[in-house]
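One structure is given here, and the rest of the page talks about it.
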Amino acid sequence: MNKDLSVKTWPHLFNLFITLFLASGFVIALIFFFSRTPGKSIYYFFIGPFINKYYLGNMLNSGMTLMIVGLGISFAFKSAVFNLGGEGQVYNGALVATVICLAFPGQSGFFIIPFALVTAIIASGLLAFISGILKMKWNVDELISSFLISGAVIQIINYLITGPLDDPANNLLATRTIAGQFFFPRILIPSALNTSILYALLLPVLAFMFFSFTHWGYEMIMCGQNRQFSHYGGIKVDRYLVLPMMVSGGLHGLAGGTAVLGTYHICYKGVTAGIGWNGIAVALIARNHPLGVIPAALFFAYLEAGAKAVMLHSDVTMEIAALAHSIIFYFITAQFLYQFIKQRRRKHW
């Protein structure tokens, strides 16, 4: 068994290393071309995230959110369904958690924090549930349905934030700030890192135990590997078209709620933009392994922190820093997305 695992793992790690090496080479070449101080720019891109507590804490905080989102994507992938609605589901969770906290400003955080997060989980889980039902009943491609639903939800939330829920006293297009008793305690002050990183690290462990030691986890993996075989083996395949999507959406909602309660404390227009897409890349790098989501999320957070550091401490502009980040994103995502789609086509009925 270990031998088989090594046969599958080492080629994947080698391909990942080559991809990262080529992507890093392109980033270095880009910096040399556009920067008048390339040595300084390269230093801050690769070392900048570790130079002080503020940068390190913010990097870990970004990684925390990506862990939850990446785990949500991986959960759907395990059953060979693809949740492309992460952007809207995370945004939805952020707004729902904000509204709950704003509705009970004088209540204890001991009760309202869990209530806000659970409500965010349910609300975003229901969005993904719609795509799962459409897939189960009418074989509607969940890639398309989840993406379209997400797009519609984003526009509705933008309207709510800029309209009925807008705080006129704030210069941003945003809701009012939630009460202080709903904030997660900070770690590594003055960074935004907070105590919610503890359950962000715990969730992948629980997911790993679910897939490794439970009957439902085994059935989900079997359905992801071969639905037809699973059907003839007596597994209720339709169940694992809907449930993984719901869990995936729920985790996205949790990520959005955590971002508000732990980092932003308001829900402004586009507060979680880009997190859903980065979560897909995290899941692809981790090869859908729940524990692999942890280093994959931290790696992506490191890239984002490096892009910000080089922009602040050298002559590299925001556009060039974003382009460098996007190059690495493209290289990694293109490799694994191609492999996933090819594998997914082989597994369809």
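For the single chain, residues carry numbers from 1 onward in sequence order.
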Measure the shortest side-chain to side-chain distance between Asn92 and Ile157 over non-hydrogen atoms and say whether it is less than 4.5 angstrom. yes

Would you mind reporting whether Pro290 and Leu71 have side-chain heavy atoms less than 4.5 Å apart? yes

Starting at NZ of Lys78, measure out to CE of Met220 and round the result to the nearest 0.5 Å. 10.0 Å

Hydrophobic cluster identity match, Leu160 and Ile154, side-chain contacts under 4.5 Å: yes

Quick check, are the ring centers of Tyr268 and Tyr264 under 6.0 angstrom apart? yes

Criterion side-chain contact (heavy atoms from CB on, under 4.5 Å) against Ile42, the qualifying member of Val310, Val316, Ile28: Ile28

Between Phe75 and Phe210, does the ring-ring contact (aromatic ring centres under 6.0 Å, His included) criterion hold? Intermediate values first, please. CA-CA 11 Å; Phe75 218 95; Phe210 171 79; 5.7 Å; yes

Rounded to the nearest 0.5 Å, how far apart are CG of Leu117 and CD1 of Ile112? 11.0 Å

same_hphob_cluster(Met59, Leu312) at 4.5 Å side-chain heavy-atom cutoff: yes

Trace of the side chain to side chain contact (heavy atoms under 4.5 Å, CB included) decision for Phe104 with Phe115: CA-CA 11 Å; Phe104 302 97; Phe115 179 53; 4.0 Å; yes

Mind checking side-chain contact (heavy atoms from CB on, under 4.5 Å) for Ser131 and listing every partner two or more places apart, or none if nothing turns up? Ser145, Ser146, Ile149, Met245

Before you tell me yes or no, could you show the steps for Ser191 and Asn58 under side-chain hydrogen bond (donor to acceptor under 3.5 Å, both in side chains), namely the whole-Å CA-CA distance, both residues' side-chain angles and the distance that decides it to 0.1 Å? CA-CA 5 Å; Ser191 74; Asn58 285 340; 4.5 Å; no

With no hydrogens and no angle check, is any side-chain donor or acceptor of Thr65 less than 3.5 Å from a backbone partner on Ala255? no

Going by the rule ring pair (Phe, Tyr, Trp, His ring centres under 6.0 Å), which residues pair with Tyr302 if we only count those two or more places apart in sequence or in a different chain? Phe50

Please tell me whether Leu193 and Ile51 are part of a single hydrophobic cluster in this structure, the criterion being side-chain heavy atoms less than 4.5 Å apart. yes

Could you tell me whether the side chain of Ser108 and the main chain of Phe110 form a donor-acceptor pair under 3.5 Å? yes

Gap between atom OG1 of Thr37 and atom NE2 of His313 - 0.5 Å precision: 12.5 Å

Verify side chain to side chain contact (heavy atoms under 4.5 Å, CB included) between Leu291 and Val205, making sure each step is shown before the conclusion. CA-CA 6 Å; Leu291 297 181; Val205 177; 4.1 Å; yes

If you take all heavy atoms of Ala297 and Gly63, which pair is closest and at what distance? CB-O, 3.5 Å

Indicate yes or no for a side-chain donor-acceptor contact from Thr272 to the backbone of Ile275 under 3.5 Å, with no hydrogens or angles considered. no

Identified side-chain contact (heavy atoms from CB on, under 4.5 Å) partner of Thr98 from the options Leu261, Val271, Ile178: Ile178

Atom of Val242, atom of Gly132 and distance for their closest heavy-atom approach: CG2-O, 3.5 Å

By the side chain to side chain donor-acceptor pair (under 3.5 Å) test, which pairs, at least two apart or in different chains, include something from residues 153-162? Tyr91-Asn158

Spacing of CD belonging to Gln225 relative to OG belonging to Ser230, to within rounding of 0.5 Å: 8.0 Å

Are Leu254 and Phe184 linked, directly or through other ILVMFWY residues, by side chains that come within less than 4.5 angstrom of each other? yes

Nearest non-hydrogen partners of Cys223 and Tyr240, listed with the distance: SG-CD1, 3.7 Å

Side chains of Phe82 and Ile280 in contact at under 4.5 Å (non-hydrogen atoms): yes

Set out, in order, the CA-CA distance, both residues' side-chain angles and the distance that settles side chain to side chain contact (heavy atoms under 4.5 Å, CB included) for Asp315 and Ser41, then state yes or no. CA-CA 8 Å; Asp315 61 345; Ser41 299; 3.7 Å; yes

Does Leu243 form a side chain to side chain contact (heavy atoms under 4.5 Å, CB included) with Trp216? I'd like the steps, not just the answer. CA-CA 11 Å; Leu243 291 180; Trp216 300 283; over 6 Å; no

Looking at Ala128 and Gln89, what are the two nearest heavy atoms and their distance? CB-NE2, 3.8 Å

Determine whether Leu84 and Phe77 fall in the same hydrophobic cluster, where Ile, Leu, Val, Met, Phe, Trp and Tyr are linked whenever their side-chain heavy atoms lie under 4.5 Å apart. yes

Given ring-ring contact (aromatic ring centres under 6.0 Å, His included), test Phe211 with His289 step by step and report yes or no. CA-CA 10 Å; Phe211 287 117; His289 195 290; 9.3 Å; no

Validation row: Lys269, Leu172 side chains within 4.5 angstrom (heavy atoms): no

Tell me, do Thr317 and Phe34 make a side-chain contact under 4.5 Å, heavy atoms counted? no

Quick one: does Val260's side chain get under 4.5 Å of Phe182's, heavy atoms only? no

Can you name the residues that form a side-chain contact (heavy atoms from CB on, under 4.5 Å) with Asn52, not counting sequence neighbours? Tyr54, Tyr55

For Leu201, which residues count as a side-chain contact (heavy atoms from CB on, under 4.5 Å) partner, sequence neighbours excluded? Met67, Ile197, Ile294

Using side-chain heavy atoms (C-beta onward) and a distance below 4.5 Å, is Pro185 in contact with Asn194? no

Are the side chains of Val69 and His252 in touch, meaning some heavy atoms are under 4.5 Å apart? yes

Between Arg287 and Gly292, is there a donor-acceptor pair closer than 3.5 Å when you use the side chain of the first and the backbone of the second? no

Rounded to the nearest 0.5 Å, how far apart are CG of Asn83 and CG of Leu127? 9.5 Å

Qualifying side chain to side chain donor-acceptor pair (under 3.5 Å) pairs with a residue from residues 171-187, counting only residues at least two apart or across chains: none

Specify the closest pair of heavy atoms between Leu66 and Gly279, including all atoms of both residues, with the distance to one decimal. CD2-N, 4.1 Å

Determine whether a donor-acceptor pair (N or O, by modelled atom type, separation under 3.5 Å) exists between the side chain of Ser248 and the backbone of Pro244. no

How close do Gly93 and Ser124 get, heavy atom to heavy atom, and via which atoms? N-OG, 3.4 Å

Separation of Leu102 CG from Asp167 CG (nearest 0.5 Å): 9.0 Å

Can a donor-acceptor pair be found, under 3.5 Å and without considering hydrogens, that links the side chain of Asp238 to the backbone of Met136? no

